[in-house]
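In what follows, a single structure is set out as structure tokens and then discussed.
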Amino acid sequence: MENRIRQARPHVTRNEDLIFERSSPGKSGVDLPPLDVPSVSSAELLGEQFQRADVEGFPEVSEPEVVRHFTRLSTWNYGVDTGLYPLGSCTMKYNPRINEAVAHLEGLATDHPYTPESLAQGCLKVFHQTARCLAEITGMDAVSLQPAAGAQGELTGILLIRACLADRGNPRKYILVPDSAHGTNPASVTISGYEVRKIKSHARGCVDLAKLDRVMTEEVAGLMLTNPNTLGIFETQIREIANLVHAKGGLVYMDGANMNALVGVARPADFGVDVMHLNLHKTFSTPHGGGGPGSGPVAVRRFLEPYLPTPTVERAANGTYRLDYDRPKSIGRVRAFYGNFGMLVRALAYIVANGPEGLRQTTEDAVLNANYVMSRLKDVYELPYAETCMHECVFSDHRQAARGVRTMDIAKRLIDYGFHPYTTAFPLIVPGALMIEPTESASKAELDAFIEAMRAIAKEIEEDPQFVLQAPHTTRVTRLDEATAARKPILRWKPE
Ligand SMILES: *Cc1c(COP(=O)(O)O)cnc(C)c1O
């Protein structure tokens with residue numbers, strides 16, 4: 001048994017106390033010279049009302065202790081700089097260092113949002129150019145860079161539909177959402193005041209035109225579609241789908257989180273999309289994870305432009321840039337200031353560094369990698385929708401479940417092989433889903449290592465399912481109680 005356990009990452013310390021638990025009174029990370037000016041207490045400086053009596057227990061540690069503590073913790077984390085991160089739907093691609101270098105340029109990194117327009121021309125140009133690049137990539141006419149995440153982009157986009165239809169005197173009631181949609185889609189629809197009408201996908205995982213025809217009534221404001229969908233399958237009938245929705249006076253929203261499958265190859269405006277969002281923290285390689293910051297720009301066709309969030313960045317005839325607040329039909333602001341600027345700088349750096357050819361190759365490599373994984377694993381894991389995939393592929397744990405092993409168990413065992421798990425149990429239309437998105441960042445050698453790991457796990461399940469059920473075996477902690485961790489998180493250390 002022992003020789004089957006592989007070490008994920010060796011480390012001298014098997015476990016790490018909290019920094020608070022390492023504290024001992026009187027230790028300090030700095031050694032300052034004695035004060036040679038009169039000392040002022042914080043109460044005198046701030047005023048009594050800003051003094052808190054309940055603050056206590058700051059850790060007292062030396063400089064090497066604090067540096068080593070956090071450096072050790074950082075090496076325990078698995079990130080896109082560590083290796084393959086095949087978390088489907090999340091597009092965990094490598095973040096090129098050129099993006100960071102550009103985002104750290106002083107003029108871009110330190111400009112204040114209240115800098116007068118005349119002194120912020122460089123930053124305004126970054127907004128304008130990023131928006132123009134995204135318009136070119138999507139085929140759309142106008143872009144708002146304000147939304148701070150994909151989900152906020154969705155909400156913004158649906159609010160644009162609402163504003164437009166209200167303006168036409170026909171606000172309507174429902175938005176259609178396929179059953180394969182990301183959970184944020186029905187949430188965005190509901191928050192924006194529409195009701196969700198779910199539509200069931202057909203046996204090959206796409207929208208069923210006949211069903212769509214039945215539910216697309218004059219009460220329906222539009223369709224919210226992900227393309228390629230969450231099965232990684234391109235909706236080949238997208239033109240017919242869009243025509244059908246448009247014929248009944250509805251609008252087509254595309255969740256563009258899967259644009260890594262399309263950039264440089266197909267433009268959503270060309271297949272009938274009216275409004276969409278992009279995830280710069282997925283497709284455009286800006287850092288992602290741990291709760292932000294993200295960026296979810298919204299791209300629209302011309303007739304939706306008047307409703308975009310205010311202010312927009314405009315270029316005058318003399319080549320200068322300015323903010324336009326005078327937009328009477330705008331849905332208003334969706335975020336303070338103008339968006340997560342640092343993310344926009346990184347995305348623009350990525351777009352410019354790649355150029356049109358590079359962006360297209362990125363897409364082609366991402367699709368090739370996913371199909372390679374799919375074709376080399378489909379004899380051991382069940383493939384419920386056996387179409388050629390786009391940027392990700394979705395298996396089910398059906399065969400392994402017969403031996404009592406589910407997708408989460410396989411994912412846990414994958415950690416022992418040194419890989420970040422794939423996405424488990426999503427999309428919901430595949431019971432026991434294993435959703436794998438390698439992205440273009442993986443070399444063939446790395447993909448082969450991943451494939452070998454997945455094949456080895458399938459074999460282990462045949463021979464000794466119990467062993468896999470107890471995985472991971474090589475991590476500092478094994479199975480955590482994830483439900484309790486999510487429902488009753490302890491986020492603050494408190495002295496006993
Ligand atoms: C990631 C994702 C979203 C949500 O994006 P966030 O930035 O996490 O809010 C929406 N739809 C799909 C298909 C996604 O993959």
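Order of appearance sets the numbers: ligands from 1, and atoms from 1 within every ligand. Atoms considered below: every heavy atom in the structure, side chains included; atoms not considered: hydrogens, waters and symmetry mates.
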Quiz item: Within a radius of less than 6.0 Å around NZ of Lys198, do more than 12 heavy atoms belonging to other residues, nucleotides or ligands occur?
Solution: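 No, because the 6.0 Å sphere around NZ of Lys198 holds 12 heavy atoms or fewer from other groups.
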
Quiz item: Is Gly150 close to ligand 1, meaning an N/O of one under 3.5 Å from an N/O of the other?
Solution: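 Yes, at least one N or O pair falls under 3.5 Å.
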
Exercise. Return yes or no for this condition: an N or O of His281 is under 3.5 Å from an N or O of ligand 1.
Key: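 For ligand 1, there is an N or O atom that lies under 3.5 Å from one belonging to His281.
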
Practice problem: Using a strict cut-off of 4.0 Å, indicate which atoms of ligand 1 neighbour a heavy atom of Ala257. | Solution: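 Counting atoms of ligand 1 from 1, those under 4.0 Å from Ala257 are 2 (C), 11 (N), 12 (C), 13 (C), 14 (C), 15 (O).
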
Quiz item: Which atoms of ligand 1 have any heavy atom of Ala149 under 4.0 Å away?
Solution: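 Listed by number with element, the hits are 7 (O), 9 (O).
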
Practice problem: Using a 4.0 Å heavy-atom threshold (strictly under), name the region of Asn279 that reaches ligand 1: side chain, backbone, both or neither. | Solution: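 Side chain only; the backbone of Asn279 stays clear of ligand 1.
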
Quiz item: Just heavy atoms, cut-off under 4.0 Å: does Ala151 contact ligand 1 by side chain, backbone, both, or neither?
Solution: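 Within the 4.0 Å criterion, Ala151 contacts ligand 1 through backbone and side-chain atoms alike.
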
Quiz item: Do any N or O atoms from the side chain of Thr138 and from the backbone of Pro268 form a donor-acceptor pair under 3.5 angstrom?
Solution: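 Not a single qualifying donor-acceptor pair exists.
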
Practice problem: Starting from the C-alpha separation in whole Å, work towards a yes-or-no answer on side-chain hydrogen bond (donor to acceptor under 3.5 Å, both in side chains) for Glu440 and Asn260. | Solution: CA-CA 9 Å; Glu440 70 281 5; Asn260 212 42; 3.1 Å; yes

Quiz item: Can you tell me which residue and heavy atom of the protein come closest to atom 11 (N) of ligand 1, and the distance to 0.1 Å?
Solution: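 The protein heavy atom lying closest is Asp255 OD2, 2.5 Å.
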
Quiz item: Any luck finding a side-chain donor-acceptor pair between Ser285 and Asn99 under 3.5 Å?
Solution: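 There is such a pair (donor and acceptor under 3.5 Å, judged by atom type) between the side chains of Ser285 and Asn99.
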
Exercise. Hey, can you tell me if His288 and His281 have their rings parallel, tilted or perpendicular (30° and 60° cut-offs)?
Key: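 Aromatic pair His288/His281 classed perpendicular.
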
Practice problem: Out of Gln152, Lys282, His277, Glu154, indicate the one that has the non-hydrogen atom closest to atom 14 (C) of ligand 1. | Solution: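 Looking at heavy atoms only, the winner is Lys282.
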
Quiz item: Under a 4.0 Å N-O cut-off, is there an ion pair linking Arg97 with Asp81?
Solution: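 Looking at Asp81 together with Arg97, the answer is yes, because their closest N to O distance falls below 4.0 Å.
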
